[in-house]
Amino acid sequence: MNKRIWLSPPDITGLELKYINDAFASNWIAPVGPNINTFETDIETYIGKPSNVVALNSGTAAIHLALDLLGIGKGDEILCQSKTFIASVNPVIYKGAIPIFIDSEELTWNMCPDLLEKAIQNRIEVTEKKPKAIIVVDLYGMPYQVDKIHNIANHYGIPIIEDSAEAFGSRYNDKYCGTFGEFSIFSFNGNKIITTSGGGALITRSKQQKERAIFLATQANDTTRDYNHSTIGYNYRMSNILAGIGRGQIRSITTKIEKRRANFDFYYQHLHGIPQIQFQPENDNNYSNRWLTCITLNSKKNRDRIIQLLNDDNIETKLSWKPMHMQPVFKDHISFTNGISEDIYKKSLCLPSGSSLTQEDLIRIVSIIKTYFTDNDAN
Ligand SMILES: *Cc1c(COP(=O)(O)O)cnc(C)c1O
């Protein structure tokens with residue numbers, strides 16, 4: 001059997017162990033300690049202002065806290081990008097709020113600005129209230145249309161939660177993703193571009209909000225001396241050990257992005273001549289970390305066949321995220337659709353994209369796809 005090629009495995013440099021050892025040596029084996037503060041500062045320095053970073057135990061927790069800080073509650077309507085991983089939306093349900101789904105546009109595959117505006121106007125007309133927030137995503141690392149989406153949000157006075165879970169290091173007009181939303185989030189889950197094995201971060205625009213977020217993430221203890229609670233909190237802080245992994249990982253973020261972009265370039269160079277294959281576009285405003293290279297085929301049949309052929313050669317691929325408006329669990333929810341995310345879902349697949357992929361791996365993958373399309377039965 002050929003060597004297994006994974007979709008997006010962790011890429012460990014060795015530095016991580018030093019910071020983990022520091023944590024053990026100083027006995028900071030807790031959700032408090034120097035690695036956490038340093039990791040937060042590392043992120044703040046990297047993405048620049050305005051950012052106040054709170055390290056948490058997942059990206060999902062970060063979205064939950066953002067909703068909390070915005071005062072989202074039962075029955076509030078939240079406009080959510082439909083084409084995303086379900087973690088973008090689950091915290092809305094935790095809050096008893098109501099997600100309403102917005103389809104994608106073709107330029108970035110993210111939230112369609114026209115449909116967003118249509119949805120806002122519709123909800124105001126029907127409910128006589130504005131939706132309480134917008135959750136927009138940088139799919140596979142590709143920034144959404146920041147200016148257009150924010151202009152609409154600002155016009156109606158609706159705050160944006162920027163789900164940059166997949167877009168650490170991506171930029172829009174030379175500014176980093178994670179700096180645009182009223183609140184923004186990253187994920188450091190095992191498959192993301194940098195990982196803490198499991199973890200995430202909330203980015204706030206002020207020191208006060210950061211302090212409030214830390215307070216809520218550590219069970220909302222009114223003072224450190226007594227156990228007095230006047231509000232409900234969570235156990236969402238990142239541990240000092242895992243923050244050590246993050247400190248090691250972030251040191252090589254630049255090479256990790258270069259490698260992922262080089263993977264994309266390799267696939268593009270070898271496959272873009274095949275008329276049945278298209279790539280997620282990157283327009284002039286955008287610099288994507290190319291977390292995952294996702295291609296669309298001209299038909300579901302060709303897509304399924306390629307998955308099968310790669311799988312037969314021990315190569316992992318994944319379908320792209322199934323849109324939320326197609327999910328059984330959200331079947332009764334309102335959505336504003338145009339068919340784009342459904343079409344992408346039915347015809348696309350994510351190719352292996354890890355920063356530790358070798359040239360040999362890439363050649364193996366591309367050869368299988370090319371051979372299929374030079375065969376007679378592909379069309
Ligand atoms: C990974 C991911 C999340 C959630 O992050 P976790 O750290 O796994 O909780 C949220 N949104 C998107 C788009 C993601 O890809």
Side-chain angles (χ1 to χ4, degrees), residues 7-10 31 39 43 53-68 78-95 99 101-104 108-111 133-144 149 160-170 177-178 180-181 183-203 213 217 234-239 242-243 245-246 249-250 260 280 288-294 318-325 327 329-330 341 344-345 348 350 353-354:
L7 184 82
S8 180
F39 185 43
I43 297 170
V53 173
V54 184
L56 300 167
N57 55 21
S58 73
T60 311
I63 298 173
H64 199 183
L65 281 180
L67 293 167
D68 205 303
I78 311 295
L79 302 175
C80 300
Q81 179 163 324
S82 186
K83 179 101 179 129
T84 187
F85 180 48
I86 196 165
S88 298
V89 177
N90 279 340
V92 176
I93 304 293
Y94 305 159
K95 279 279 166 212
F101 301 115
I102 316 283
D103 215 322
S104 295
T108 71
W109 296 6
N110 290 305
M111 184 182 277
I134 297 164
I135 302 178
V136 62
V137 181
D138 305 307
L139 197 69
Y140 303 126
M142 186 62 66
Y144 60 92
I149 296 284
I160 287 183
I161 297 172
E162 180 192 15
D163 179 350
S164 301
E166 303 171 0
F168 192 75
S170 296
C177 292
F180 297 113
F183 294 97
S184 306
I185 75 107
F186 293 125
S187 167
F188 306 120
N189 196 13
N191 58 352
K192 298 295 186 339
I193 191 159
I194 62 168
T195 183
T196 56
S197 75
L202 176 70
I203 299 91
Y234 309 90
N235 183 6
Y236 278 173
R237 200 71 163 125
M238 182 178 279
S239 93
L242 300 192
I245 303 179
Q249 288 270 296
I250 199 172
R260 295 219 182 218
Q280 183 183 24
S288 169
N289 67 9
R290 291 289 187 189
W291 171 56
L292 295 185
T293 293
C294 187
K318 285 268 168 77
L319 298 190
S320 70
W321 304 128
K322 182 172 187 172
M324 294 302 115
H325 72 269
Q327 298 288 355
V329 72
F330 295 132
S341 68
I344 295 172
Y345 169 66
S348 65
C350 298
S353 303

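Here the structure is a predicted model, which is why all the values come from computation and not from measurement. Sequence positions, counted from 1, serve as the residue numbers for this chain. Counting starts at 1 for both ligands and their atoms, following the listed order.
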Any donor-acceptor N/O pair, S164 side chain to F186 backbone, under 3.5 Å: no
S82 side chain to H325 backbone, donor-acceptor under 3.5 Å: yes
Polar contact flag, side-chain donor to acceptor under 3.5 angstrom, E166-W321: yes
Test ring pair (Phe, Tyr, Trp, His ring centres under 6.0 Å) applied to F39 and F188, step by step: CA-CA 12 Å; F39 185 43; F188 306 120; 5.3 Å; yes
Closest non-hydrogen atom pair, D138 against A167: CB-CB, 3.5 Å
Pair S341, D103: side-chain N/O donor-acceptor within cut-off below 3.5 Å: yes
Pocket residues of ligand 1, ordered first by chain and then by residue number (heavy-atom cut-off under 4.0 Å): S58, G59, T60, T84, F85, A87, S88, V137, D163, A165, E166, S187, N189, K192, G199
